[in-house]
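Here the structure is laid out as structure tokens; the discussion comes afterwards.
Letters go in sequence order (proteins before strands), and every chain restarts at 1.
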Amino acid sequence: MELKINEKVINVEEGKNGHDLTLELAKDEIKTIIAYKLNGKLFDLFAPINEAGDFEFITTSSDEAFHILNHSCAHLLAEAVSSLYKGAKFGVGPAIDEGFYYDIDLGDVVLKEDDLKKIESKMKELSKKNEYVVRKVVSKDEALDIFKNDEYKTELINELEGEISIYKQGDYVDLCCGPHVPSTGFIKFFKLETIAGAYWRGNSENKQLTRIYGVCASTKEKLEEIENIKEEAKKRDHRKIGKEMGLFSFSEYGPGFPFFLPKGLTLRRQIENWWYDLHDEHGYKVIKTPIILSKELWLTSGHWDHYKENMYTTKIDDRDFAIKPMNCPGAILVYNSELHSYKDLPLRLGELGLVHRHEASGALNGLFRVRCFTQDDAHIFCTKEQLKDEIENLLKFFDEIYSVFKLDYSIVLSTKPEKDYIGDDAIWEQSERILAEACKATGKDFKINPGDGAFYGPKLDFKLKDCMGRIWQCGTIQLDMNLPERFNCTFINSKGEKERPIMLHRAILGSFERFIGIITEHFAGAFPAWCTPVQIKVLPVNNNFHLEYSKKLVSEFKKHHFRVELDDSEEKLGYRMRNAQMQKIPYTIVVGDKEVENKTVTYRKYGTDKQITVSIDDFSKMLQDEIDSKSLLVELKKFSK
RNA sequence: GCCGAAUUAGCUUAGUCGGUAGAGCAACUCAUUCGUAAUGAGUAGGUCGUUGGUUCGAUUCCGACAUUCGGCACCA
């Protein structure tokens, strides 16, 4: 059969050893080609070619190569570890989006961060040997024999069906389906990053293995770039910026319970006010329900049985109560507090609801994972006929909100779980179809995550992507076939009969806490003027001559409800300018002789060093426009691929 | 919750192979009155996370606990 390789047509014999492929390549090409792709499948460079079709060499700079390089680097790590730590047993060592890891059982040996350097230099040494990475297909019995001392590999082999392949480099053999780089010399630019514990097969019932994370790149520059992105992420860490800018804090007296400081709450209030306004416009009725409600309610909702571990409970007058982990039962009590006609539907009950959940101590993580948070929740009661329109409206609403923050997102449709779900299969199927159709009707792409729906209904999850390319689960639209039933929710239809409404849960930002954490990192603290804690800083050049006019400006801006601060400290202008810039204040106004004389405003916008002089009115109008349009303060840099 | 690490002044941190600690920034005082990212000098500020143990002596070594961080598990 014929195969086109590098513009040359060559004849490939059935089962011919691919070693000969290298003959078709120039010497310097061999250095950068690590695999080939045939009909969409990846193969080792030396793998025999068994069919004709679309052929492509994989060079070290491609995305596939990153994966292959990192997977091979995991093997190199294992080779180094097995030579340094006799008796080490190996779990799995895959490539991941950020690099690779290997799970290792080192017996009683506890690995220290310093040991990584030792392992790294061993890896460098092995890489210099540039040994071939040889694939071999073996029988199950052979495989079991080779790995007879490694219970982890043995467990994996016993579950394997079909072809079993092993890879050998030097004395090291690993169970693997490949593909890999042709030789260890390809793995030159790598770094071992952290040590962590990880349960064997991801099951907390199992033993924990030592996981070593690392990353491998095709060039020194690429490795540096990856390191730089990590550095940038560290600089943007919301915990760091939150402290520096005085947004929020934590106390050991309340693990997982964040404190919003004056500046952080100002930021939050802007978003909350906007949220309320938007919900008024979109026909929501906004409510606030109590955070403590009696056990009976949670028994009815099913939370007491399904979610009790995560709920905080208390006793009042000898009666059991729980602090709400979710807002739904409260919203249902509001719904059920009066009779509803079909003419009232859809009824959209919005709530910024404060919930408390007992998250595992190890799960806590800044504002991203907390034990008390406010969901921007809404529960929508509608008829079956209204469902599709309602979901389409929601999708547009979500878009409206996310676009303000310039956050990209993707949608995942989670469908009926395999077991332990409630409701008819037919209703599930119908609801899933409605969710999918609503996406299509509004032009939204979505992925399907089969079996990942809640036990009470299918859902659409919204995964936000920040400018660092990280993914955050925030918004959700969930159909609920459970609670309306349990609480016997009804409305009177046009025939005068009682009918069960459909109930939708939805959250757009998810929680204010997490969302504020995300946008803090997304904007690196340079929040858009409309929501930033302080919009204007006024700096008199000389307090003896310019303070009066500065104060006049401040009171003028306060009339416009601008958030303005005066810095009349006895410091040099440069010092105060520096502070204003570090606080990422959108407009810093410097007041000197010229401004006092001409009654003007000279400002410097954050992120620029231009000085612009305008009239007071023009400045106010410009800032008001910026606030009204919710424009970004600085253009967002993209750090991800 | 599990594996590992960390915790020194308000913040960022140095240091002690066991003899109770230094710095920069911030604060305060004085001088400087200054046009766009740090003016100078001085003062004060520490139960070295909490708590047991070992020791003549513990911030340092060991244990427990708390909190935080990196992961894992969890996130109906």
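Note: CG (A/Asn542) to P (B/G35) measures 9 Å, nearest angstrom. Atom P of nucleotide B/C69 and atom NZ of A/Lys240 are separated by 15 Å, given to the nearest angstrom. Atoms OH (A/Tyr549) and C1' (B/G35) sit 15 Å apart, rounded to a whole Å. The CG-P distance, from A/Leu116 to B/G71, rounds to 14 Å in whole Å.
For the segment residues 248-257 of chain A, the set of residues with a heavy atom within less than 4.0 Å of an atom of RNA chain B comprises A/Glu252, A/Pro255, A/Gly256, in numerical order.
Among the atoms of the strands shown, base atoms are found under 4.0 Å from some heavy atom of A/Glu570. Across all strands shown, A/Leu364 has heavy atoms under 4.0 Å from sugar-phosphate atoms exclusively, and none from any base. At a threshold of 4.0 angstrom between heavy atoms, the contacts of A/Met326 include nucleobase atoms, whether or not backbone atoms are also involved. Across all strands, A/Gly302 comes closer than 4.0 Å to no nucleic acid atom at all (heavy-atom distances). Across all strands shown, A/Gln478 has no heavy atoms under 4.0 Å from either base or sugar-phosphate atoms. Across all strands shown, A/Gly366 has heavy atoms under 4.0 Å from sugar-phosphate atoms exclusively, and none from any base. Among the protein residues, A/Arg211 comes within range of the sugar-phosphate backbone only, with heavy atoms under 4.0 Å from sugar or phosphate atoms but none that close to a base.
Mapping A/Tyr603 and A/Pro325 onto RNA chain B by nearest heavy atom places A/Tyr603 closer to the 5' end of the strand.
Within a 6.0 Å radius of CD in A/Glu429, no more than 12 heavy atoms belonging to other residues, nucleotides or ligands are found.
Checked by atom type and distance alone, the side chain of A/Ser121 pairs as donor or acceptor with a backbone atom of A/Lys117 at under 3.5 Å.
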- Query: What string of B, S and - do you get for nucleotides 2-10 of chain B 5' to 3' if you count protein non-hydrogen atoms under 4.0 Å?
  - Reply: BBSS-----
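OP1 or OP2 of B/G70 lies within a sub-4.0 Å distance of a side-chain N or O belonging to A/Asn365. Regarding contacts with the backbone of B/C75, every side-chain N or O of A/Arg514 stays at 4.0 angstrom or more from both OP1 and OP2. Phosphate contact (OP1/OP2 of B/G70, side-chain N/O of A/Arg239, threshold under 4.0 Å): present.
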Strictly under 3.5 Å: I want the nitrogen or oxygen pairs between protein and nucleotides 23-30 of chain B, one per line.
{"residue": "B/A26", "atom": "OP1", "partner": "A/Tyr575", "partner atom": "OH", "Å": "2.3"}

Any N/O pairs under 3.5 Å between the protein and nucleotides 12-14 of chain B? List them or say none.
{"residue": "B/U12", "atom": "OP1", "partner": "A/Lys243", "partner atom": "NZ", "Å": "3.2"}

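Donor-acceptor pairing under 3.5 Å is lacking for the side chains of A/Trp200 and A/Asp103.
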- Watson-Crick and G-U pairing of RNA chain B written in dot-bracket, each distance under 3.5 angstrom, with | for inter-strand partners: (((((((..((((.....[..)))).(((((.......))))).....(((((..]....))))))))))))....
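Using a 4.0 Å cut-off between charged side-chain N and carboxylate O, A/Glu565 and A/Lys263 make a salt bridge. Salt bridge absent: A/Lys308 and A/Asp305 never bring a charged side-chain N and a carboxylate O closer than 4.0 Å.
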Distance-only donor-acceptor hits, side chain of residues 105-113 of chain A, under 3.5 Å, sequence neighbours excluded:
{"residue": "A/Asp105", "atom": "OD1", "partner": "A/Gly107", "partner atom": "N", "Å": "2.9"}
{"residue": "A/Asp105", "atom": "OD1", "partner": "A/Lys207", "partner atom": "NZ", "Å": "3.4"}
{"residue": "A/Asp105", "atom": "OD2", "partner": "A/Tyr152", "partner atom": "OH", "Å": "2.6"}
{"residue": "A/Asp105", "atom": "OD2", "partner": "A/Lys207", "partner atom": "NZ", "Å": "3.1"}

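Put simply, the side chain of A/Arg576 and the base of B/C34 share no donor and acceptor less than 3.5 Å apart.
The aromatic rings of A/Tyr102 and A/Phe90 stand perpendicular to each other, their planes meeting at an angle above 60°, with 30° marking the opposite boundary.
Nearest nucleotide to the A/Tyr213 side chain, out of B/G35, B/U39, B/G71: B/G71.
Seen from the ring of A/Phe368, A/Arg514 does not count as a face-on cation partner, given the 6.0 Å and 45° thresholds.
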- Task: Show the numbers, then the answer: is there a ring-ring contact (aromatic ring centres under 6.0 Å, His included) between A/Tyr421 and A/Tyr456?
- Result: CA-CA 6 Å; A/Tyr421 60 91; A/Tyr456 49 73; over 10 Å; no
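Using a 4.5 Å heavy-atom threshold, the side chains of A/Arg576 and A/Ser569 count as touching.
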